[in-house]
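Remember, predicted model here, so these are calculated numbers, not experimental data. Throughout, a chain's letter reflects where its sequence line sits, starting with A, and its residues are numbered from 1.
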Amino acid sequence: MAHQSLSQAVTNAVAQAIQLAVVDGELPTSVLDVPVDIKRPSQNVAGDYATTFCLQAAKTSGLSTSVIFEALLPYLEQTGFFTSAAFAQPGFINFELSPAAIDTYASYALHDNAPTMVEDPHTYNVEYVSVNPNGPITVAAARGAVIGDVLSRVLKTVGHDVTREYYVNDGVNSEQMRLFGKSVKHHAWTALEIPSSMPANGYQGAYVEAIAKAMVSKYGKDFLLEQDVAFFQSTAQAMMIAQQKSELAGFGVEFDVWSHEQELYESGKDIATLAKMKESGALVEKEGALWLNSSAFGDQENRVVLRSDGRPTYVAGDIAYHWDKYQRGHDRLIDLLGPDHHGYIPRLKAGVAAVGEDPDTLFVLIFQAVRFIKDGEAVLMRKRDGNLYTLSDLTEELAIELGSAQAAKDVVRFFYLYMSANKHVDFDLSLAVKQAAENPCFYAQYAHARCCSVLTKAGEPEPGAQWALLSTAQEKTLLFKCLELPAEITRVAEDYGVHRLAHYAVDTAKLYHAFYEHCKVILPDNPKLSNARKALVLLVKQTLASVLGILGVSAPETM
RNA sequence: GCCCCGGUAGCUCAGUGGAUAGAGCAGCGGCCUUCUAAGCCGUUUGUCGGAGGUUCGAGUCCUCUCCGGGGCGCCA
């Protein structure tokens, strides 16, 4: 069971002071509705924590900020949490924490710096990657892979139930997959030196040839000659899925459930879903087809779910899939999609509503494009043309450059996680390799290695460290930074902005490196201070290991 | 035409309506006989794309606009 974090405790102390002031009639009751925000003050301001409460309360109460502060001050002092609370224009209060408060919460953090569990845990389903089973994992898909992976871990950390899911678009009647099957067959025929022609817009590229050749050596000419396109389609598809699974696993990305589109069709769930949607009045008939009322959800126009020839569309199957996820007990669905799918959101929301679920429980997160730069120019990645830049290409190149597969994986994950999902990324291999050596990933990892080294030399701290002895700016800033980790994780679990954790790691490392240069830990003449610093180093080490762990990046003990 | 994302330091990017907008990298100048120099310290750099508006207060919210990227199928 995690203890209350320091920032929560400060918030509670201030809130309590406000309540008491209201009870005594010193402040109007209206201020109780003002949210209490607690932040670290900006760099050049003295104080451990700050609040803008007076500024907010002035708005609703009509009182001046200084009057509010004067009314509140005695109650703030009563809490015993602060050694000082100072007013600063235009209406900030800057607090200095009491040594007892620092001791208490730093000790809690050293024991367990985990976030508090959410009060209303959800049963999340996080669906990510889900690329068609007709190609390898590209650098574009890899972005969604790490984001989904880390997001899942964050949600679990704060107490949600999380299922990580991959949706395999393996519909046997899919035009794309049939074309893929035909293309593989053509390449197999070519490998067997049998005259054959490439289907129009067929799949090219070395990986398609590799699949065809693998089939040839596995099944032999005589057997293959008797097979139809369906065989090539299903076999090549199975090989691609296996390859994707292994590429992702090598990248530290795993799934609990692999769902198959074709199974939905075979069990008739798409038909059942159409019936359900029709029953709820969400479908309209026009030109012989059934249309979903997605325009009511911001779509430009309604979308066909049942074609005039009686075949359900892909959307019908996808809505069936989402309904299925709800029926399996998930009350929150997250879809992590690429930017080319943003126009698809209203359709999904409309579909979810049409089967009787709350569209606000479906969260479609869009991560922006990863462009592939070749000879200085942006090139569209197209599987069909074989113009791919795969995750394996990237990690293998980096592994050679860095001399370590682990380092390559760490750097790529960190690179993706360091910027927010709605930032475009240009991926130039030569640049990526160059940037790898300068990646903030190493900066953060190095801080962890340094912590380990110090603790090895200095020994572990004795229990009962006196944290208040940490009095320099470097020590206090570093300590408070570590104590912020739980709040940081909690926030990410609420707004899904995983990039903030990578920045947190770099920021913490920055503060540790500064501390390291200014504050010796091994002090034979001052055992109490030495012990407090050892405790701080241990806390930093645990904090960095914890955040790097969530990011799926290794925390090396030596570098 | 409509929709989504971006535009912040030389480069890559953070920034929850609050204080003098910050990191990493690159540049320049220093620092290894003492806990890892993949480091630290100092220093240089900003019309937060532009114009209005809301607000006590705007990089952040609203409107318009410019530039870049992506999307708009009875494909999946």
Side-chain angles (χ1 to χ4, degrees), chain A residues 35 37 39 41-45 50-52 55-56 58-59 64-65 88-92 94 132 134 169 171 173-177 179 261 286-291 298-301 303-315 317-318 338-346 366-369 371 378 380 415 418-426 431 434-435 437-447 449-458 491 494-495 497 499-500 502-504 506-507 509-510 512-523 530 533-534 537 558-559:
Chain A
D37 68 313
K39 293 179 178 180
S42 39
Q43 290 181 344
N44 31 38
V45 173
T51 182
T52 61
L55 286 159
Q56 310 297 340
K59 205 177 292 185
S64 78
T65 53
Q89 288 294 350
F92 299 94
N94 294 310
N132 288 341
N134 56 16
N169 294 132
N173 293 320
S174 148
E175 287 178 25
Q176 293 177 15
M177 291 310 297
L179 181 60
E261 182 186 353
K286 194 179 113 187
E287 295 162 8
L290 282 181
W291 303 64
D299 208 346
Q300 291 168 257
E301 51 186 334
R303 305 289 167 174
V304 170
V305 286
L306 186 67
R307 297 179 177 94
S308 46
D309 65 6
R311 290 153 51 229
T313 61
Y314 176 82
V315 188
D318 210 12
D340 50 336
H341 285 80
H342 96 267
Y344 192 69
I345 298 173
I366 301 289
F367 58 91
Q368 291 303 316
R371 288 192 309 168
L380 274 180
F415 178 90
Y418 195 59
M419 62 190 102
S420 74
N422 44 21
K423 216 86 181 183
H424 300 256
V425 178
D426 283 343
L431 206 63
K434 184 172 166 288
Q435 285 172 344
E438 303 157 357
N439 200 293
C441 181
F442 294 130
Y443 187 81
Q445 289 177 317
Y446 183 55
R450 271 183 144 182
C451 289
C452 294
S453 172
V454 169
L455 290 172
T456 302
K457 291 240 163 64
R491 189 181 160 201
E494 285 165 358
D495 72 5
H499 69 284
R500 238 177 272 104
H503 281 272
Y504 176 86
V506 171
D507 293 346
K510 161 82 183 161
Y512 179 72
H513 288 312
F515 159 81
Y516 183 90
E517 299 294 332
H518 287 93
C519 306
K520 297 276 297 183
V521 174
I522 299 169
L523 301 165
S530 181
R533 286 183 175 170
K534 280 196 269 185
V537 173
T558 57
M559 281 178 82

Sugar-phosphate only, base, or nothing, as touched by A/Asp426 at under 4.0 Å among non-hydrogen atoms: nothing
Describe the nucleic acid contact of A/Arg491 in one word from base, sugar-phosphate, nothing, applying a heavy-atom distance below 4.0 Å. base
What nucleic acid atoms does A/Pro346 come within less than 4.0 Å of, heavy atoms only: base, sugar-phosphate, or nothing? nothing
Separation of the C1' atoms in B/rA9 and B/rC48, to the nearest angstrom: 10 Å
Nearest whole angstrom, please: distance from the P of B/rA58 to the CG of A/Leu55. 13 Å
Does A/Arg307 put a side-chain nitrogen or oxygen below 4.0 Å from OP1 or OP2 of B/rG73? no
Which of B/rC75, B/rA23, B/rC2 is nearest the side chain of A/Gln300? It is B/rC2
If you check the A/His342 side chain, which of B/rA14, B/rG57, B/rG70 turns out closest? B/rG70
Listed nucleotide nearest any side-chain atom of A/Glu287, set B/rA23, B/rA19, B/rC74: B/rC74
Classify A/Ser308 by what it touches in the nucleic acid, base, sugar-phosphate, or nothing, heavy-atom distance under 4.0 Å. base
Would you classify A/Lys59 as touching base, sugar-phosphate or nothing, given that sugar-phosphate means primed atoms plus P, OP1 and OP2, and contacts are heavy atoms under 4.0 Å? base
Just so I know, are the side chains of A/Asp37 and A/Thr51 near enough to count as touching, which here means a heavy-atom distance under 4.5 Å? yes
Whole Å only: how far is the CZ atom of A/Phe415 from the C1' atom of B/rC11? 13 Å
Under 6.0 Å between the ring centres of A/Tyr512 and A/Phe515? yes
Distance in angstrom units between A/His424 NE2 and B/rA14 P, rounded: 11 Å
Rounded at 0.5 Å granularity, tell me how far CD in A/Glu261 sits from CG in A/Asn173. 10.0 Å
Indicate yes or no: at least one non-hydrogen side-chain atom of A/Leu523 is less than 4.5 angstrom from one of A/Arg533. yes
Distance, rounded to the nearest Å, where A/Asp507 contributes CG and B/rG24 contributes C1': 10 Å
Hey, does the side-chain of A/Gln56 have a donor or acceptor N/O within less than 3.5 Å of a partner on the base of B/rG18? yes
Taking the same atom, P, in B/rC5 and in B/rG39, what whole-Å distance lies between them? 36 Å
Grab the N/O contacts between the protein and nucleotides 34-38 of chain B below 3.5 Å, and write none if there aren't any.
{"residue": "B/rU34", "atom": "O2", "partner": "A/Lys520", "partner atom": "NZ", "Å": "3.4"}
{"residue": "B/rC35", "atom": "O3'", "partner": "A/Lys457", "partner atom": "NZ", "Å": "3.2"}
{"residue": "B/rC35", "atom": "O2", "partner": "A/Ile522", "partner atom": "N", "Å": "3.3"}
{"residue": "B/rC35", "atom": "N3", "partner": "A/Val521", "partner atom": "N", "Å": "3.0"}
{"residue": "B/rC35", "atom": "N4", "partner": "A/Tyr516", "partner atom": "O", "Å": "2.9"}
{"residue": "B/rC35", "atom": "N4", "partner": "A/Cys519", "partner atom": "O", "Å": "2.9"}
{"residue": "B/rU36", "atom": "OP1", "partner": "A/Ser453", "partner atom": "OG", "Å": "2.1"}
{"residue": "B/rU36", "atom": "OP2", "partner": "A/Ser453", "partner atom": "OG", "Å": "2.8"}
{"residue": "B/rU36", "atom": "OP2", "partner": "A/Lys457", "partner atom": "NZ", "Å": "2.7"}
{"residue": "B/rU36", "atom": "O5'", "partner": "A/Tyr516", "partner atom": "OH", "Å": "3.4"}
{"residue": "B/rU36", "atom": "O2'", "partner": "A/Tyr446", "partner atom": "OH", "Å": "2.3"}
{"residue": "B/rU36", "atom": "O2'", "partner": "A/Arg450", "partner atom": "NE", "Å": "2.9"}
{"residue": "B/rU36", "atom": "O4", "partner": "A/Glu557", "partner atom": "O", "Å": "3.2"}
{"residue": "B/rU36", "atom": "O4", "partner": "A/Met559", "partner atom": "N", "Å": "3.3"}
{"residue": "B/rA37", "atom": "OP2", "partner": "A/Arg450", "partner atom": "NH2", "Å": "2.5"}

Does B/rC72 have a Watson-Crick or wobble partner in any strand here, with both distances under 3.5 angstrom, and which is it? B/rG1
In the structure I gave you, are the side-chain heavy atoms of A/Thr52 and A/Phe92 within less than 4.5 Å of one another anywhere? yes
Closest of B/rA19, B/rC74, B/rC75 to the A/Val304 side chain is B/rC74
Assert: residue with more 5' nearest nucleotide on RNA chain B, out of A/Thr52 and A/Asn173, is A/Thr52
Does A/Thr65 use its side chain to pair, donor to acceptor, with the backbone of A/Pro90 at less than 3.5 Å? yes
Run the side chain to side chain contact (heavy atoms under 4.5 Å, CB included) test on A/Arg303 and A/Thr313 for me, step by step, so that the C-alpha distance in whole Å, both residues' side-chain angles and the decisive distance to 0.1 Å come before the verdict. CA-CA 10 Å; A/Arg303 305 289 167 174; A/Thr313 61; over 6 Å; no
Could you state the atom-to-atom distance from CE of A/Met419 to P of B/rG6 in whole Å? 14 Å
Please state how far atom CG in A/Asp495 lies from atom P in B/rA14, giving the value in whole angstrom units. 13 Å
Answer whether the closest heavy-atom distance between the side chains of A/Asn169 and A/Gln176 falls below 4.5 Å. no
Heavy-atom closest contact (A/Met177 atom, A/Gly171 atom, distance): CB-O, 4.2 Å
Would you say a side-chain N or O of A/His341 is under 4.0 Å from OP1 or OP2 of B/rC72? no
Inter-nucleotide P distance (B/rA38, B/rC13), Å rounded: 27 Å
For A/Arg371 and B/rG6, is the shortest distance between a side-chain N/O and OP1 or OP2 below 4.0 Å? no
A/Pro90 or A/Ile366, whichever maps to the more 5' nucleotide of RNA chain B: A/Ile366
Please classify the nucleic acid contact of A/Glu175 as base, sugar-phosphate, or nothing, using heavy-atom distances under 4.0 Å. sugar-phosphate
Think A/Asn422 has a side-chain N or O under 4.0 angstrom from the OP1 or OP2 of B/rG6? yes
Heavy atoms under 4.0 Å, any strand shown: does A/Ala447 hit a base, just sugar-phosphate, or nothing? nothing
With a 4.0 Å cutoff (strictly under), does any side-chain N or O of A/Lys510 reach OP1 or OP2 of B/rG24? yes
Let's test your reading of the model: under 3.5 Å, does the base of B/rA19 pair with the side chain of A/Asn94 as donor and acceptor? yes
Would you please test A/Asn439 and A/Tyr418 for side chain to side chain donor-acceptor pair (under 3.5 Å) and show each step? CA-CA 10 Å; A/Asn439 200 293; A/Tyr418 195 59; over 6 Å; no
From OH of A/Tyr418 across to P of B/rG22 the rounded distance in Å is 16 Å
Hey, is B/rC61 sitting syn or anti, using the within-90° cutoff around 0? anti
Kindly point out which of B/rA19, B/rG71, B/rA76 is positioned nearest to the side chain of A/Val45? B/rA19
Take atom P in B/rG22 and the same atom in B/rG59, then report the distance between them in whole Å. 13 Å
Taking the C1' atom in each of B/rU60 and B/rA19, what is the distance between them to the nearest angstrom? 16 Å
Under a 3.5 Å cut-off for both distances, is B/rU43 Watson-Crick or wobble paired, and to whom? B/rG27
A/Arg311 atom CZ is separated from B/rA76 atom P, nearest whole Å, by 7 Å
Rounded distance (nearest 0.5 Å) linking atom CZ of A/Arg371 with atom CG of A/Asp426: 4.0 Å
B/rA21 -> Watson-Crick or G-U wobble partner, both distances under 3.5 Å, gives none
Base-pairing assignment for B/rC61 (Watson-Crick or G-U wobble, both under 3.5 Å): B/rG53
Should B/rA9 form a Watson-Crick or G-U wobble pair with both distances under 3.5 Å, which nucleotide is its partner? none
Say you pick atom P in B/rU33 and the same atom in B/rU12; how far apart are they, in whole Å? 38 Å
